[in-house]
Amino acid sequence: PHLLASIIFNKYQMGMPLHRQEQVFQNLGFELSRTTMASWVIAAYEFLKPFMQKFKTHLINSAYLHADETPVQVLKVPGKKPTSKSYMWMMAASEFAKPVVYFEYHPNRSQESAAHLISNFKGYLHVDAYGGYNNLHKVTRVFCWAHARRKFEDALVSGAPPGKQLAQEFMDKIGALFSNERKFKEMSVEERKKQRELIQKPLLDEIKALLDQHVCQVPPKSKLGTALDYLREYWPGLVVFICDGNLSISNNHAERLIRPFVIGRKNWLFSSSVAGAEASAALYSLAITAKENGLDALQYLQVLFTELPILYKQRSTPENQQKLDEYLPWNWKPPVAQDSE
């Protein structure tokens with residue numbers, strides 16, 4: 001269990017690909033091939049499947065989700081070229097709730113993949129403006145002010161000079177929105193909602209008035225025109241965050257949580273098979289959620305691979321399921337070391 005935990009920790013938290021771990025073992029005098037380690041990782045994923053389903057169930061049953069997706073190359077996908085793109089999809093709990101992160105591999109970026117990821121979810125979904133989420137039912141989409149701000153930043157940096165003053169004016173007002181949110185971060189949900197209505201809503205009204213004044217006066221294909229059109233089109237979803245203190249002003253929370261996968265991808269470059277990609281999805285979910293909950297991920301993995309097999313062998317009773325829930329990263333408490341007398 002400790003060896004398996006170490007291999008998984010090194011790859012999915014420390015970003016060390018299996019071929020580098022193979023070299024480390026060789027330097028220590030051990031022959032442990034990357035092929036063997038890859039098969040162990042996939043076996044670990046198969047073992048953890050029932051446990052990982054609890055991550056997804058927990059998120060789907062919540063009222064607030066963040067979601068994002070990023071490309072991944074998988075060499076052996078039926079019906080696809082080795083160089084084609086697949087996608088790693090991610091959803092996470094509200095940034096104001098206990099951290100839970102769940103990755104899911106899909107061979108494409110289709111609406112079907114988005115629907116499969118959040119099947120049966122009913123609530124607020126923080127996403128960017130990607131059209132794959134358009135036809136989700138019983139979902140209220142919350143759009144991202146960081147994406148809107150980047151478009152005005154483009155207009156400020158590389159847009160036509162006549163529009164830069166207006167772009168700066170939008171940047172200043174959007175910057176004020178984010179500055180206020182940083183002040184509200186440690187407040188209770190109720191107080192955050194109250195402060196948003198008191199402070200953020202008038203600022204949003206100013207941005208909307210500025211938008212209405214200029215959206216028809218700026219060339220639509222210019223950098224500034226693109227930024228204004230984005231703001232106009234997605235305005236209803238951009239102002240949703242005002243109505244609930246559990247909501248975020250942006251999807252930066254999801255982008256931060258998907259970053260460890262993106263960084264790791266630069267090291268290991270691709271997955272050989274669909275099974276390998278699915279294993280990576282599950283084990284990134286586990287490692288990142290453990291870290292976000294302040295756990296020592298290596299110690300936590302060691303406990304899982306030591307104690308879960310015992311629970312699995314017991315009969316599936318409500319008591320057994322409750323005990324299994326205690327091992328979820330957002331519930332698990334490390335044993336307290338007792339001082340020897």
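Because the structure is a prediction, the values reported are computed rather than measured.
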**Study point:** Reported CG-to-OG distance for the pair L48 and S285, which is rounded to 0.5 angstrom
**Key:** 10.5 Å
Exercise for review: Could you pull out all residues at least two apart from F96 that satisfy ring pair (Phe, Tyr, Trp, His ring centres under 6.0 Å)?
Suggested key: none
Check your understanding: Within the distance-only criterion (no hydrogens, no angle test), does the side chain of D296 pair as donor or acceptor with the backbone N or O of L298 below 3.5 angstrom?
Key -> yes
Review point. Among side-chain atoms of S39 and T36, is any donor-acceptor pair under 3.5 angstrom?
Key: no
Point to revise | Working for side chain to side chain contact (heavy atoms under 4.5 Å, CB included), residues E292 and T289 | key: CA-CA 5 Å; E292 289 294 314; T289 303; 5.7 Å; no
**Study point:** Flag, side chain of Q21 to backbone of M16, donor-acceptor distance under 3.5 Å
**Key:** yes
**Study point:** Distance, nearest 0.5 Å, that separates NZ of K221 from CG of D229
**Key:** 12.0 Å
Practice item. May I ask you to check whether D244 and Y64 show a side-chain donor-acceptor distance below 3.5 Å? Key: yes
Exercise for review: May I have the step-by-step check of side-chain hydrogen bond (donor to acceptor under 3.5 Å, both in side chains) for Q168 and D172, ending in yes or no?
Suggested key: CA-CA 6 Å; Q168 184 64 64; D172 291 343; 2.8 Å; yes
Review point. Atom CD1 in I199, atom CG in L204: separation rounded to 0.5 Å?
Key: 12.0 Å
Review point. Is there a side-chain contact between Q213 and L210, using heavy atoms and a 4.5 Å cut-off?
Key: yes
Exercise for review: Side-chain contact test, heavy atoms from C-beta onward, threshold under 4.5 Å: evaluate it for Y105 versus S280 and give yes or no.
Suggested key: no
Review point. Cluster question for you: counting only ILVMFWY and a side-chain heavy-atom cut-off of under 4.5 Å, with indirect links fine, are L65 and L328 together?
Key: yes
Exercise for review: Report the C-alpha distance between L117 and S113 in whole Å, list the side-chain angles of each, state the deciding distance to 0.1 Å, and finish with yes or no for side chain to side chain contact (heavy atoms under 4.5 Å, CB included).
Suggested key: CA-CA 6 Å; L117 177 72; S113 294; over 6 Å; no
**Study point:** Single-linkage hydrophobic cluster I42~L304, side-chain heavy atoms < 4.5 angstrom
**Key:** no
Review point. Counting distance only, does the side-chain N/O of R192 pair as donor-acceptor with the main-chain N or O of G245 below 3.5 Å?
Key: yes
Review point. With a 4.5 Å limit on heavy-atom distance, are the side chains of S272 and F270 in contact?
Key: yes
**Study point:** Other residues, nucleotides, ligands: >12 heavy atoms within 6.0 Å of K291 NZ
**Key:** no
Check your understanding: Looking at CZ of R256 and CD1 of I288, how far apart are the two atoms once the value is rounded to the nearest 0.5 Å?
Key -> 9.5 Å
Practice item. Verify the distance criterion only: is there a donor paired with an acceptor across the side chains of E104 and Y87 at less than 3.5 Å? Key: no
Practice item. Not counting sequence neighbours, list each pair that qualifies as a ring pair (Phe, Tyr, Trp, His ring centres under 6.0 Å) and has a residue in residues 157-180. Key: F152-F170
Practice item. Find out whether E69 and M88 are in side-chain contact, i.e. whether some heavy atom of one side chain is under 4.5 Å from a heavy atom of the other. Key: no
Review point. How are the rings of F261 and F103 set relative to one another: parallel (under 30°), tilted (30 to 60°) or perpendicular (over 60°)?
Key: tilted
Point to revise | Check: S33 and E22 side chains under 4.5 Å, non-hydrogen atoms | key: yes
Exercise for review: Return yes if a side-chain donor-acceptor contact under 3.5 Å exists between R265 and T70, otherwise no.
Suggested key: yes
Review point. Is it true that a side-chain atom of S271 and a backbone atom of S273 form a donor plus acceptor pair closer than 3.5 Å?
Key: no
Review point. Quick check: does any side chain N or O of K80 sit under 3.5 Å from a backbone N or O of P107, one acting as donor and the other as acceptor?
Key: yes
Check your understanding: Do Y284 and Y12 pass the ring pair (Phe, Tyr, Trp, His ring centres under 6.0 Å) test, and can you show the C-alpha distance, the side-chain angles, and the key distance before you say yes or no?
Key -> CA-CA 6 Å; Y284 269 112; Y12 296 104; 4.9 Å; yes
Check your understanding: Using a distance-only test with no angle check, is there a side-chain donor-acceptor pair under 3.5 angstrom linking N246 and S94?
Key -> no
Review point. Roughly how far, to the nearest 0.5 Å, is CG of L231 from CZ of R149?
Key: 13.0 Å
Exercise for review: Please check if atom CG in N27 has more than 12 non-hydrogen atoms from other residues, nucleotides or ligands closer than 6.0 Å.
Suggested key: yes
Review point. Does the Q73 side chain pair with the main chain of P82, one donor and one acceptor, at a distance under 3.5 Å?
Key: yes
**Study point:** Nearest-0.5 Å distance that lies between atom CG in L59 and atom CZ in F121
**Key:** 9.0 Å
Check your understanding: Can N134 and R141 be counted as having a side-chain donor-acceptor contact under 3.5 angstrom?
Key -> yes
Check your understanding: Side chains of N251 and E255: donor-acceptor distance under 3.5 Å anywhere?
Key -> no
Practice item. Starting from the C-alpha separation in whole Å, work towards a yes-or-no answer on side chain to side chain contact (heavy atoms under 4.5 Å, CB included) for M52 and Y45. Key: CA-CA 9 Å; M52 297 309 304; Y45 158 64; 5.6 Å; no
Review point. Would K185 and E181 pass as an ion pair if we require N to O under 4.0 Å?
Key: no
Check your understanding: Is there side-chain contact between L75 and T83, with at least one heavy-atom pair below 4.5 Å?
Key -> no
Exercise for review: Could you walk me through whether D128 and F143 pass the side chain to side chain contact (heavy atoms under 4.5 Å, CB included) test, one step at a time?
Suggested key: CA-CA 6 Å; D128 56 26; F143 288 127; over 6 Å; no
Check your understanding: Which class fits the ring pair H66 and H253: parallel under 30°, tilted 30 to 60°, perpendicular over 60°?
Key -> perpendicular
Check your understanding: Given side chains that start at C-beta, do those of S86 and H106 come closer than 4.5 Å, heavy atoms only?
Key -> no
Revision key, fill the gap. Nearest heavy-atom contact between N293 and P99 is ND2-O, 2.8 Å
Practice item. Taking the six-membered ring of Y102 (Phe, Tyr or Trp), confirm whether the NZ or CZ of K56 is under 6.0 Å from its centre and within 45° of its axis. Key: no
Exercise for review: Test H116 against W89 for ring pair (Phe, Tyr, Trp, His ring centres under 6.0 Å), laying out the working first.
Suggested key: CA-CA 10 Å; H116 187 278; W89 295 70; over 10 Å; no
**Study point:** Pair R150 + D154, salt bridge at N-O below 4.0 Å
**Key:** no
Point to revise | Student check: side-chain heavy atoms of V142 and V127 closer than 4.5 Å | key: no
Review point. Distance only, no hydrogens: is a donor on one side chain within 3.5 Å (strictly under) of an acceptor on the other, for Q195 and E191?
Key: yes
Review point. If you group Ile, Leu, Val, Met, Phe, Trp and Tyr by side-chain heavy-atom gaps below 4.5 Å, do W145 and V215 land in one group?
Key: yes
Review point. When you measure from the side chain of R196 to the backbone N and O of K201, does any donor-acceptor pair fall under 3.5 Å?
Key: no
Practice item. Would you tell me whether E326 and N331 have side-chain atoms, one donor and one acceptor, within less than 3.5 Å of each other? Key: no
**Study point:** Backbone of A93 reached by a side-chain donor or acceptor of K98 within 3.5 Å
**Key:** no
Review point. Would F305 end up clustered with Y327 when hydrophobic side chains under 4.5 Å apart are linked, directly or stepwise?
Key: yes
Check your understanding: Under a 4.5 Å side-chain heavy-atom rule over Ile, Leu, Val, Met, Phe, Trp and Tyr, are W40 and F30 clustered together?
Key -> yes
**Study point:** Basic-acidic side-chain contact under 4.0 Å: E190, K193
**Key:** no
Review point. Do any N or O atoms from the side chain of T306 and from the backbone of Q302 form a donor-acceptor pair under 3.5 angstrom?
Key: yes
